[in-house]
Structure formats: structure tokens, C-alpha cells
S.K.: 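Handing you a structure now.
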There are 2 protein chains.
Amino acid sequence: MSKCEQCIIREFNSLKTLTKDELIRITGCKTSKTVKKGEVLFDEGEHINGVFCIKDGVCKVSKMSDNGRDQIIHLIQKGDILGERSLINNEASNLKAIAINDMEVCFIPKDEIIRDLENNPNFSLDLLRKMANSLKKADDVIVDMAQKTVKQRLATTLLFLEAKFDKNENGSIKVNLSREDIANIIGTATESAIRLLSEFKKKKLIDLKGKEVFILNVKALKDLSEGF
Amino acid sequence: MSKCEQCIIREFNSLKTLTKDELIRITGCKTSKTVKKGEVLFDEGEHINGVFCIKDGVCKVSKMSDNGRDQIIHLIQKGDILGERSLINNEASNLKAIAINDMEVCFIPKDEIIRDLENNPNFSLDLLRKMANSLKKADDVIVDMAQKTVKQRLATTLLFLEAKFDKNENGSIKVNLSREDIANIIGTATESAIRLLSEFKKKKLIDLKGKEVFILNVKALKDLSEGF
DNA sequence: CAGAAAAGCTGACAATTATCATGTTTTAAA
DNA sequence: TTTAAAACATGATAATTGTCAGCTTTTCTG
């Protein structure tokens, strides 16, 4: 079993504020596991009872709307932690997480994290800052969803993906989303998303090779996303 | 000047976790002020440099979209605190707050709150819980904005207002929103909001007397908001 | 109180977006 | 490898929503 105190991944998230002793204790109680593409990490209404630290891979975090369509709210990748919110407010998850490619994750049981949260103010303050930041980003998403057209939101989303994920050797964005996934991020019908992707391709803003997406014209996408 | 340690308002928010000594110190450095209807508490891009505790009145908290329309993201009322996020991540506000009726607020300077945050784990943990909860609510808003029709969102919003605010003696919701405000909560054109309000009134789901809104049929609104 | 400005309302029409239908391509399982 | 299922793509059409225009009512200001 790999040791948390030697794991570089934690430098990307709030776990970096834990002391060496705390990390050693976490090593002793955490579990590592592989999650295959398509597998559910946790479902809506489920008690997570801990926190995931993502070592590799990507998952989509979504919520079912009353209308019966899934809305993808977050994409979580290497370095991120997952489940901290349900842990803090001690409730069942309001979200569902599904791997979109094979993942390597560590799972830290609830009680251990709570203990650190209560005893290490660096940890709780860092988490507080992280949450304040997430709330700010959520504001932006709400405004975009409420005010932008589907075309603007697609442009916004493509730029977001470009910024968030690494590139493959051929220059495509290193994330494996289906057209339906993209539609569920934007909040539109799959057909509408496909149509607009085709339009963007025709206008040379992007290129598409199967599921691979290449961003060709950032400036034009930015203008589009801002309504010009 | 009124004393924080005797103020009942703090029981409604995270300030309730402060000790008597901390409250006495806050009393010494806080300022009380009246904000008239229409006045700006803080604007986008402004450094707030502290936290507001709302003693009376309501304000709308909004963000300008790229398209140039304001989106109202929160309604803040008596008992709420305001500005804690910008304080925690030490950035300028991404939001703008305007009073929608006359308000009584207290303002606590940044350094004093930060001090309590670092020294009183009850306070920081309570704030953390509050933020985790806000994030959960933000998820719901994102899903609604992304997936629901304007009609569904209006129904959702009316139920939200009904639940959040007290009633006037005649039974109307005790909040003074213009039609434009309502449209800016829902994320639609003012004309669309007006049209749907008229439709709801015609169908006896609500009644309207000027700016006063009366909820007549909660069940029907709930069904509508869920897409039936 | 009068006049001006703002807010509210409604109709007509245009633009956007969803839905349904159908065919093609890709993926995954036997 | 074959075959079935899923994903992708596009057209046609309907429903939703936005925009503009014109009018009425309410609110604000001097």
C-alpha cells in the first residue's frame, strides 16, 4: 500500500495542510481502489462516509433534475478531492459520481477526516477557502445557465475543458466525453449539442475526430461565449 | 451603540458560535448603519473589507452577465450575514448587493473576523458547514437553471419566496420585488416573467395586487415546478 | 399637485431550442 | 468476426422564449 506522506497528489488539494503524523495515520486507514470506466463512485442519496482523493482518471458528478435529465455539475480529475461537502454537513450526497475513464482513487474514512478537521486549523481554513472559491465559481455557472444561450454555453464549456484538462499528443483535449455528456454539462438536448458542435466545426472554431475535440480558435470561442 | 452580546440576531447565523469575550470585542469595533432602499451595499469588484450582519430589511445580491443583464443570485434578509466569502478568499467581491427596502445592518471589520476565524474552531467549523450547505443549494439552482423551462423556474421561485419570507397581514409575501427583479431571479426577459405571472393569476395559482404576490395554490405550483 | 419618468402590460413577430423521425457510424458483446 | 446496441448525425416541425413596439398605470420629483 502506498504511503500518503510520500504521495505527491495531496499537494494539489487541501490534504497538503495535514501534518506528517496526520498523514501517517491516514495511510493506516485509507483504502486504495481502481474504478472502471462507467462505474458509480457514489449515487444520489447515498452516504459516502468519507472522502475520495483522486490519483488518476476523471469522473463526472451530476444531479438528476425533476425533468428526469442528468445535469453534470462538476468534472473531477487527478488531484481533486471528492465528497468533502457531504462529510461536512453530515448528510447523504445530493450528487452522483460516475467514472468517465478508469480511475485510481484513495478513500479516507469519515471519522479520520473529521478528526483532522477539528484539530488542525490549517486544514479547516484551507477547506474553507476552497469552498469559498467553489461558491464563487458556482455563481458564475448560475449566471451563465440563466442568461446565456445554448451556443454561448457550448463555447464557454469548450474553453473550460481546454483550460482544465491536459492535451493529448495530437493536441486534442484529454477528456473522454460523449455528446450526451457535453449536452448534460451545457444543459441542453443532445441533438442541440451535436448540431452546434457541427456548426463550430464547419466554422473552423474546433475540430472533431470521434470523441476527440480540438480547439482551433480560442479568441473566436471567447467572443462567442461573451455574446459577440 | 447596541451590544453584539445582547443582540438576538446573531442566533440566526454563524456569529452565534462566538464567545462572550469575542462578542464584546466585536461590539467595540463594529459600526451600525442604515441603508436606504436602492442603495448599494457593495459593488462587483469592490473590496468589502468586512462582513455585514443584517438586522432588518432585504437586499438582492446579483452578478452582471456578459450579456449585460443582472442575475439575482441571493436574497439576503434579517439574520443573514453577507460578505463572508470574499473575506475568506481575500478577494474583491464578484457580486453586487442592493437594498430592496430600508435596511439596518452592522458592519464588522475584516481583521476582527479573521482573528476569530483563526482562533475559534467552533466559528470556522460552523462557517464551513454553512458553506457546504450553500454549495448544495447552488447545485440545485444550477440544475434548475440548466434544465427547467421558464415557467417551471417561475413556479419554483414563487415557492421559494413563499418559504423564505414572512407574510404581510393580508397574506402576501413580505418582499418587495419588481417584475424586473423577478425576471432577474428566474433568468428571463421581464416581459416573459410578466406574461407568465398573468397566466398564473388567470389560472388562480397566485394573486397579484401591484407588487404584492399571494400564493393561492401551493400544490399546483409544486407540480408545475416539477414538470407535471 | 402636475408632469415626467419608470414600471407594468399586451400583442406581433422573430429567434432559439426541443422533440420526433430516420439513417449512419461506432462500440461492445457473443 | 459478426451482430446487436449504443452513439452520432441531420432534417422537419413544434414549442418556447426573446425582442420590439405601443399603450396604461404607478411612482417619483420639483
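Numbered from 1 within each chain, the chains take letters A, B, ... in sequence-line order.
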S.K.: Return whichever of Lys211(B) or Ser198(A) has its heavy-atom-nearest nucleotide of DNA chain D closer to the 5' end.
M.R.: Ser198(A)

S.K.: Return no unless some side-chain N or O of Ser192(B) is found under 4.0 Å from OP1 or OP2 of dG18(D).
M.R.: yes

S.K.: Name the closest nucleotide to the Glu191(A) side chain, picking from dC20(C), dC28(D), dA7(C).
M.R.: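 In terms of side-chain proximity for Glu191(A), the closest of dC20(C), dC28(D), dA7(C) is dC20(C).
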
S.K.: To the nearest Å, how far apart are Leu196(B) CG and dA15(D) P?
M.R.: 17 Å

S.K.: Measure from the side-chain heavy atoms of Ala189(A) and tell me the nearest of dT16(D), dG18(D), dT19(C).
M.R.: dT19(C)

S.K.: Using heavy-atom distances to pick each residue's nearest nucleotide on DNA chain C, tell me which of Lys37(A) and Thr149(A) is more 5'.
M.R.: Thr149(A)

S.K.: If you look at every strand shown and take non-hydrogen atoms under 4.0 Å, does Thr188(A) touch a base, only sugar-phosphate, or nothing?
M.R.: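 Sugar-phosphate contact only - Thr188(A) comes under 4.0 Å of backbone atoms but never of a base.
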
S.K.: Is any side-chain N of the basic residue among Glu199(B) and Lys203(B) closer than 4.0 Å to the acidic one's carboxylate O?
M.R.: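 A salt bridge links Glu199(B) with Lys203(B).
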
S.K.: Is a side-chain N or O of Asp80(B) found less than 3.5 angstrom from the main chain of Gln77(B), in a donor-acceptor match?
M.R.: yes

S.K.: Look at the side chain of Ile194(A) and decide which nucleotide, out of dC8(D), dT19(D), dT19(C), has an atom nearest to it.
M.R.: dC8(D)

S.K.: Could you give the NZ-to-P distance, from Lys209(A) to dC8(D), as a whole number of Å?
M.R.: 17 Å

S.K.: Would you indicate which nucleotide in dT19(C), dG8(C), dC8(D) comes nearest to any side-chain atom of Ser178(B)?
M.R.: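 Given the options dT19(C), dG8(C), dC8(D), the side chain of Ser178(B) is closest to dG8(C).
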
S.K.: Rounded to whole Å, how long is the line connecting atom CG of Leu177(B) with atom P of dT26(D)?
M.R.: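 From Leu177(B) CG to dT26(D) P: 19 Å.
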
S.K.: Without decimals, in angstroms, what is the distance between Asn67(A) CG and dA18(C) P?
M.R.: 11 Å

S.K.: Starting at CD of Gln147(A) and ending at C1' of dT17(C), how long is that distance when rounded to a whole Å?
M.R.: 17 Å

S.K.: Check this for me: does any side-chain nitrogen of one of Asp139(B) and Arg85(A) sit under 4.0 Å from a carboxylate oxygen of the other?
M.R.: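 Salt bridge between Asp139(B) and Arg85(A), a charged N being under 4.0 Å from a carboxylate O: yes.
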
S.K.: In whole Å, what is the span from the NZ atom of Lys201(B) to the C1' atom of dT10(C)?
M.R.: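 Rounded to the whole Å, the gap is 14 Å.
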
S.K.: Any donor-acceptor pair under 3.5 Å linking the side-chain atoms of Gln147(B) with those of Asp66(A)?
M.R.: no

S.K.: Under the criterion side chain to side chain donor-acceptor pair (under 3.5 Å), I'd like the reasoning laid out for Ser178(B) against Lys211(B): C-alpha separation, chi angles, the key distance, then a yes or no.
M.R.: CA-CA 6 Å; Ser178(B) 68; Lys211(B) 284 197 174 39; 6.0 Å; no

S.K.: CD of Glu180(B) versus P of dG18(D): gap in Å, rounded?
M.R.: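 In whole Å, dG18(D) P and Glu180(B) CD are 14 Å from each other.
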
S.K.: Checking only heavy atoms, does the side chain of Arg195(B) share a donor-acceptor pair with the base of dG11(C) at less than 3.5 Å?
M.R.: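 By the distance-only test, yes, there is a pair.
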
S.K.: Please report the distance, rounded to the nearest Å, between CD in Glu199(A) and P in dG11(D).
M.R.: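 Rounded to whole Å, this separation is 12 Å.
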
S.K.: Mind checking Arg69(A) for me? I need base, sugar-phosphate or nothing, with any heavy atom below 4.0 Å counting as a touch.
M.R.: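 If one applies the 4.0 Å heavy-atom cut-off, Arg69(A) turns out to touch the sugar-phosphate alone, with no base involved.
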
S.K.: Considering heavy-atom distances to DNA chain D, does Leu208(A) or Val150(B) have its closest nucleotide positioned more toward the 5' end?
M.R.: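 The residue whose closest nucleotide sits nearer the 5' end is Leu208(A).
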
